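Just so it is clear, the model here is predicted, and its values are computed rather than measured. So that the names make sense, note that chain A is the first sequence line, chain B the second, and so on, each numbered from 1.
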There are 2 protein chains.
Amino acid sequence: MSASVRSHADKEECDRGDAALTLAFTILGQRWSALVLGSLRAGPAGFRELSRAIDGLSDSVLSDRLAKLTQARLVRRRVEEGPPVSVTYELTDHGEALMPALDQISAWAVEHLDLPPD
Amino acid sequence: MSASVRSHADKEECDRGDAALTLAFTILGQRWSALVLGSLRAGPAGFRELSRAIDGLSDSVLSDRLAKLTQARLVRRRVEEGPPVSVTYELTDHGEALMPALDQISAWAVEHLDLPPD
DNA sequence: GATGTTGCTTCGATTTTCGAAGTTGCTACG
DNA sequence: CGTAGCAACTTCGAAAATCGAAGCAACATC
């Protein structure tokens with residue numbers, strides 16, 4: 001049997017695994033990343049504005065997420081020297097392209113998850 | 001000024017926050033949850049099969065995720081007494097309803113993320 | 001000068017996840 | 001009958017991720 005034949009387990013992973021989804025969730029599966037992206041849907045925002053918009057998110061993690069999302073080219077960091085210095089984060093085209101999927105997840109959650117009462 | 005008037009910060013959160021997306025990502029934002037759901041798209045599977053299908057996922061976390069997804073009614077755990085005992089996990093209607101969004105995320109990742117070469 | 005805001009960084013504490021080892025109950029085989 | 005292997009998990013110490021408070025420089029405002 002030639003070496004190119006995959007084992008049963010490899011075949012299973014091929015059938016059930018989804019490399020693209022796996023890659024997507026190396027980013028989205030990190031706590032708060034999806035919500036940071038979702039928050040930018042409303043337009044560019046500064047650090048403090050994002051911090052206020054997302055309850056429970058710590059500054060150090062926000063900083064980390066913005067760096068990682070920028071590195072993944074989903075977010076662009078724009079600096080205006082001022083004074084005072086002004087930094088805004090905005091979605092790139094790659095980031096914008098994810099918004100319909102996040103909308104779909106939102107709509108799904110309304111329909112299929114138990115939202116807690118206000 | 002009446003007590004019902006929200007502060008500016010509350011208004012910001014209202015404009016940028018998305019309670020439904022936030023709720024969705026309390027589940028999907030936990031490492032591996034989305035991939036477990038995505039893996040079940042191919043049909044019901046047992047614990048080992050899921051473990052093999054998702055590279056890097058530890059048994060204790062898989063057990064935890066399946067319990068939480070079952071509790072959230074996205075997954076159903078079906079036991080056949082046997083002998084031998086046989087347990088399979090399958091998507092509920094709620095879980096099925098998420099699949100189009102996960103498909104969309106997959107397609108987005110292919111287009112907009114840098115997949116590593118094989 | 002004091003206070004507040006922006007845009008972060010630092011660091012010890014806490015939580016989450018990992019990974020190996022283990023358990024029970026079965027099947028298959030010599 | 002004993003051994004090996006598999007399924008379906010559980011346990012627990014180690015490692016990684018996240019939290020939360022405090023801090024900093026550079027500005028604006030009073």
Main-chain N/O of B:Glu80 paired with B:Ser86 side-chain donor or acceptor, under 3.5 Å: no

message: Name the residue from B:Thr92, B:Val36, B:Leu37 that meets the side chain to side chain contact (heavy atoms under 4.5 Å, CB included) definition with B:Val75.
response: B:Leu37

Just the rounded figure in Å: distance from [atom2] of [N] to [atom1] of [X].
{"X": "A:Arg78", "N": "C:dC8", "atom1": "CZ", "atom2": "P", "value": "15 Å"}
{"X": "A:Arg65", "N": "C:dC8", "atom1": "CZ", "atom2": "P", "value": "16 Å"}
{"X": "A:Glu81", "N": "D:dC27", "atom1": "CD", "atom2": "P", "value": "10 Å"}
{"X": "A:Leu62", "N": "D:dA17", "atom1": "CG", "atom2": "P", "value": "18 Å"}
{"X": "A:Glu80", "N": "D:dC27", "atom1": "CD", "atom2": "C1'", "value": "15 Å"}
{"X": "A:Asp64", "N": "D:dA16", "atom1": "CG", "atom2": "C1'", "value": "12 Å"}
{"X": "A:Glu49", "N": "C:dG7", "atom1": "CD", "atom2": "P", "value": "9 Å"}
{"X": "A:Arg48", "N": "C:dG7", "atom1": "CZ", "atom2": "P", "value": "8 Å"}

Under 4.0 Å between a side-chain N/O of [X] and OP1 or OP2 of [N], yes or no?
{"X": "B:Ser63", "N": "D:dT10", "value": "yes"}
{"X": "B:Tyr89", "N": "D:dA7", "value": "no"}
{"X": "A:Arg31", "N": "C:dT15", "value": "no"}
{"X": "B:Arg77", "N": "D:dA8", "value": "no"}
{"X": "A:Trp32", "N": "D:dA17", "value": "no"}

From the set [options], return the single nucleotide nearest to any side-chain atom of [X].
{"X": "B:Pro84", "options": "C:dC26, C:dG7, D:dT18", "result": "C:dC26"}
{"X": "B:Asp59", "options": "C:dA21, D:dT18, C:dT17", "result": "C:dA21"}
{"X": "A:Arg52", "options": "C:dC8, C:dT6, C:dC26", "result": "C:dT6"}
{"X": "A:Val87", "options": "D:dC9, C:dC18, C:dC8", "result": "C:dC8"}

Of A:Val85 and A:Gln30, the one whose closest DNA chain D nucleotide lies more 5':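 The residue closer to the strand's 5' end, by nearest nucleotide, is A:Gln30.
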
query: Is there side-chain contact between B:Leu74 and A:Leu113, with heavy atoms separated by less than 4.5 Å?
result: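 The answer is yes; the side chains approach within 4.5 Å.
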
field: Side-chain heavy-atom pair B:Arg77, B:Val87 within 4.5 angstrom cut-off
entry: yes

task: Could you tell me whether B:Arg41 and A:Asp18 have a side-chain N and a carboxylate O separated by less than 4.0 Å?
output: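 No salt bridge links B:Arg41 with A:Asp18.
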
query: For the side chain of A:Ser60 and the base of D:dG20, is some donor closer than 3.5 Å to an acceptor across the two?
result: yes

